[in-house]
Amino acid sequence: MKFGILVNEGPYTHEASDTAYQFVKAALMKGHEIYRVFFYHDGVNNGTRLTVPPQDDRNIVKRWSDLAALHKLDLVVCVAAAQRRGLIDASEAKRHGKDADNIAPGFRISGLGQLIEAGIQADRLVVFGG
Amino acid sequence: MKFGILVNEGPYTHEASDTAYQFVKAALMKGHEIYRVFFYHDGVNNGTRLTVPPQDDRNIVKRWSDLAALHKLDLVVCVAAAQRRGLIDASEAKRHGKDADNIAPGFRISGLGQLIEAGIQADRLVVFGG
Amino acid sequence: MLHTVNKSPFDNGTLETCLKFAQRGSAVLLIEDGVYAAARDTAVSNRMQEAAKSVSIYALKPDVEARGLQNRVMDGVRLVDYGGFVDLVVDHNTVQSWL
Amino acid sequence: MLHTVNKSPFDNGTLETCLKFAQRGSAVLLIEDGVYAAARDTAVSNRMQEAAKSVSIYALKPDVEARGLQNRVMDGVRLVDYGGFVDLVVDHNTVQSWL
Amino acid sequence: MAKETEGGVAKKFLYVNRKAPYGSIYALESLEVVLIGAAFEQDVSVAFVGDGVYQLTKGQDTKGLEMKNFSPTFRALEDYDVTKLYVEEEALRTRGLSESDLVVPVELVSAQRMTEIMEGQDVILSF
Amino acid sequence: MAKETEGGVAKKFLYVNRKAPYGSIYALESLEVVLIGAAFEQDVSVAFVGDGVYQLTKGQDTKGLEMKNFSPTFRALEDYDVTKLYVEEEALRTRGLSESDLVVPVELVSAQRMTEIMEGQDVILSF
C-alpha cells in the first residue's frame with residue numbers, strides 16, 4: 001500500500017516527528033511504499049542540517065536523511081512554511097539574497113501542491129502533529 | 001523598573017514572540033529597563049537570519065534585531081536549546097564542524113545561567129510561551 | 001500576584017488551572033487566545049463572573065480586537081493595552097504565566 | 001475510520017472531541033501523550049470504558065512504556081507497536097488525526 | 001467514495017479546523033493548504049469544529065497585533081469552488097455565536113451529521 | 001521575601017511543571033533549567049501540577065521511543081540541594097496515582113497550600 005505522511009511539528013519539541021519516523025520505518029519493513037513525507041508548519045525544522053543534538057540523544061534530522069538515502073524517500077519541505085521559519089536551500093538563499101543555507105541532505109523544498117498530490121496519489125495520508 | 005523576559009516559542013507559529021515584543025516595546029516607552037530577553041525552547045528560532053516572511057507580514061526576527069540595536073537590548077539564545085534546533089553562530093559552527101551559521105544580528109548564544117541571572121537581577125521576570 | 005492565561009478556555013484546562021491557584025485579590029490577565037474567556041454569553045461566562053468576585057480580570061485589548069470580541073466583552077473585565085500590561089506587571093510582585 | 005489522539009485527556013479536550021465524532025464501530029488509537037487515557041482508575045477511565053462499548057480502543061505500546069503505564073492499562077484497550085499502527089491504517093479507509 | 005471527473009477520479013478531501021486564529025499559525029497555514037488544494041479539482045469540504053469556528057467570526061481587527069487579518073480570505077473560497085463549509089452547531093452555541101456572526105455562509109451541522117461527513121471522506125487533513 | 005545569604009540576597013525561585021514528559025520537550029528542558037539554576041544558590045522550589053505530575057512516575061521505559069529516560073535525574077536533584085518538590089495531591093489522585101508511584105520523595109499539597117507556595121515566590125518560571 002502507498003502512504004503519504006504529513007509532519008507538522010519540529011524535531012525534539014514535539015514527539016510528532018519521532019512517531020512519524022517510527023511509523024515510516026515500520027511501514028517500509030512491512031513492504032509498503034512511502035509515496036512522500038511532507039513537512040509543514042514547524043515540521044519544516046526537521047530539514048535543517050545545523051542541529052547538534054546531545055551525544056546521548058537521537059539525531060532526528062540525520063535519521064530522516066539516512067532513511068531517505070536507504071529507501072529513496074521523497075522528503076519535501078513546504079516552501080512557504082520554510083520561508084517563515086528560516087529553512088532554505090542554496091537556490092532559495094541566492095534568490096532571497098541570504099548568505100547561507102541550512103537544508104539537510106535528502107530534503108527538498110517545494111510547494112503545498114506536493115502535499116495535495118500525495119493525498120491524491122497515496123492510498124492513505126497520515127498526519128502527525130503537535 | 002528592570003524586566004527580564006523569557007520567550008519560549010518560535011516566530012509566527014505561536015503568538016508568544018509577538019506578545020513579548022510588544023510588551024518589551026511598551027516597557028521601553030514607559031522608561032523601564034529590559035535587563036535581558038532570553039530565548040528558550042523553540043524560542044531560539046526567533047534568532048535566525050534566514051527567514052523570508054511574506055511581503056505583507058511582519059518581519060519578526062528583524063523587528064527584534066532592530067529593537068536590540070536601538071535600545072542596546074541583550075538578546076540571548078540558549079545554547080542547549082539552540083543546538084537541538086539548529087540555531088548556531090560562527091564560533092559554534094566552527095566548533096561542531098558545521099559549514100554554515102544562521103544567527104541574526106543582535107542575538108548572542110549563551111548558557112541557561114543567563115536566564116537564572118536575569119531572574120536574580122531583574123525586578124520582574126515575565127514568561128511568554130505557547 | 002499577576003496571572004496571565006493565553007489559551008482558549010473551551011478546548012483546554014489552562015484557565016481552570018489558573019483560577020484554581022489564583023489567590024483572592026490577585027489579578028488575572030487574559031492574553032492571546034485566552035481572551036475568548038472574556039466574551040459574554042458563552043459556556044464559561046458564568047464561571048468567569050464567579051471568578052470576578054474574588055480576582056480582578058483583565059483582557060489584552062489588541063488580542064480582543066484581533067478576535068472580533070470588542071463588542072462582546074462581559075461586564076467586569078477591564079481592557080488594557082500593552083502599556084497597561086506593563087503597568088500590571090509593575091504593580092504586582094510576581095507574574096505567573098499559565099501556558 | 002481510524003482516529004488517532006495524541007493529547008493527555010486531563011488538561012485538554014482533544015480526546016473528548018474525538019469521541020464526540022467517532023462513529024460506532026470505528027477505531028481509536030491513543031498515541032504519544034494520548035496514551036494516558038488508557039490507564040485504569042483515573043478520572044477518565046469510566047468515560048473510556050463507556051467509549052469502548054462503541055469503538056475499538058488501541059494504545060501505542062512504546063508510548064505506554066515510556067510513560068510507565070505498562071502495568072496500568074485498562075481492560076479492553078489493545079496495545080500495538082509501530083507495525084500494528086501501520087496495520088490499523090491499512091485496515092481502515094481513512095485516518096483522522098486529532099491533534 | 002471517489003467520484004469520476006474528466007481528468008480521472010477525484011478524491012474527497014476534508015480539512016478539519018480546530019484551532020483559533022492568531023494565537024497560533026495553524027489556522028492561517030491550514031487556509032493556505034485549502035487555497036492551493038483548490039487548484040487540484042478534487043471534491044473539497046472544510047469543517048470547523050471547537051475553537052476552529054473562531055476563524056470565521058466577523059469584526060476581526062488585527063492592527064494592534066501587526067498581523068494580517070485573514071478572515072476576509074474565507075470569502076474568496078467561493079471563487080475557488082470551495083463551497084462546502086461545515087460548522088459544528090454546538091461549538092458555535094458554546095461560544096455565544098450564531099450564523100450571523102460569521103463572515104461567510106456555512107452549513108450548520110449537528111455532531112451526528114459532522115460524523116457522517118467525516119466518514120464520507122477519502123483524505124482528512126486536520127489542523 | 002528574598003532571604004540573606006553569604007553572597008548577598010537569595011531570591012525564591014519556583015519552577016512550575018504542567019506538562020507530561022516525552023510528548024513534548026518542555027518537561028526535559030524545564031529540568032535542565034532547574035539543574036543549571038541550582039548552581040546559583042537561590043532558594044529553589046519545584047511544583048508539579050496537572051499533567052506535570054507524570055514527569056515523576058516510576059517505571060518509565062523509553063527504549064521503544066529511542067529517547068532518553070530522564071526520570072532518574074529527578075533523584076539527583078537532592079545532590080544539588082533542590083529538595084522542595086511539591087506535588088498537587090488532586091492531580092495525582094485524578095490520574096490514579098499515589099506518592100508510592102513517584103521516583104522521589106515529594107510533599108503532597110492541597111490546592112490551597114500550592115497557592116500559598118506560589119504566592120511566596122520572587123520568580124516563577126512556568127513550563
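In what follows, chains are A, B, ... by sequence order, proteins preceding strands, each numbered from 1.
Within the 4.5 angstrom heavy-atom criterion, atoms from both the backbone and the side chain of D/Ser97 approach chain E. Only the side chain of E/Val49 comes within contact range of chain D, with heavy atoms under 4.5 Å apart.
D/Tyr82 pairs by the ring-ring contact (aromatic ring centres under 6.0 Å, His included) definition with nothing, not counting sequence neighbours.
At a threshold of 4.5 Å between non-hydrogen side-chain atoms, the residues D/Gln96 and E/Gln121 do not count as touching.
Considering every non-hydrogen atom in both D/Thr94 and E/Asp122, the closest pair reads CG2-O, 2.9 Å.
Against chain D, the residues from residues 14-29 of chain E that qualify, each with a non-hydrogen atom under 4.5 angstrom away, are E/Val16, E/Arg18 in number order. Contacts between residues 94-118 of chain E and chain D, defined by a heavy-atom separation under 4.5 Å, are made by E/Ala111, E/Met114, E/Thr115, E/Met118.
Within a 6.0 Å radius of NZ in D/Lys20, other residues, nucleotides and ligands contribute more than 12 heavy atoms. Environment of CD in E/Glu78: sparse, with no more than 12 heavy atoms of neighbouring residues, nucleotides or ligands closer than 6.0 Å.
Among residues at least two apart or in separate chains, salt bridge (charged side-chain N to carboxylate O under 4.0 Å, His left out) pairs with a member in residues 81-99 of chain D are A/Lys30-D/Asp87.
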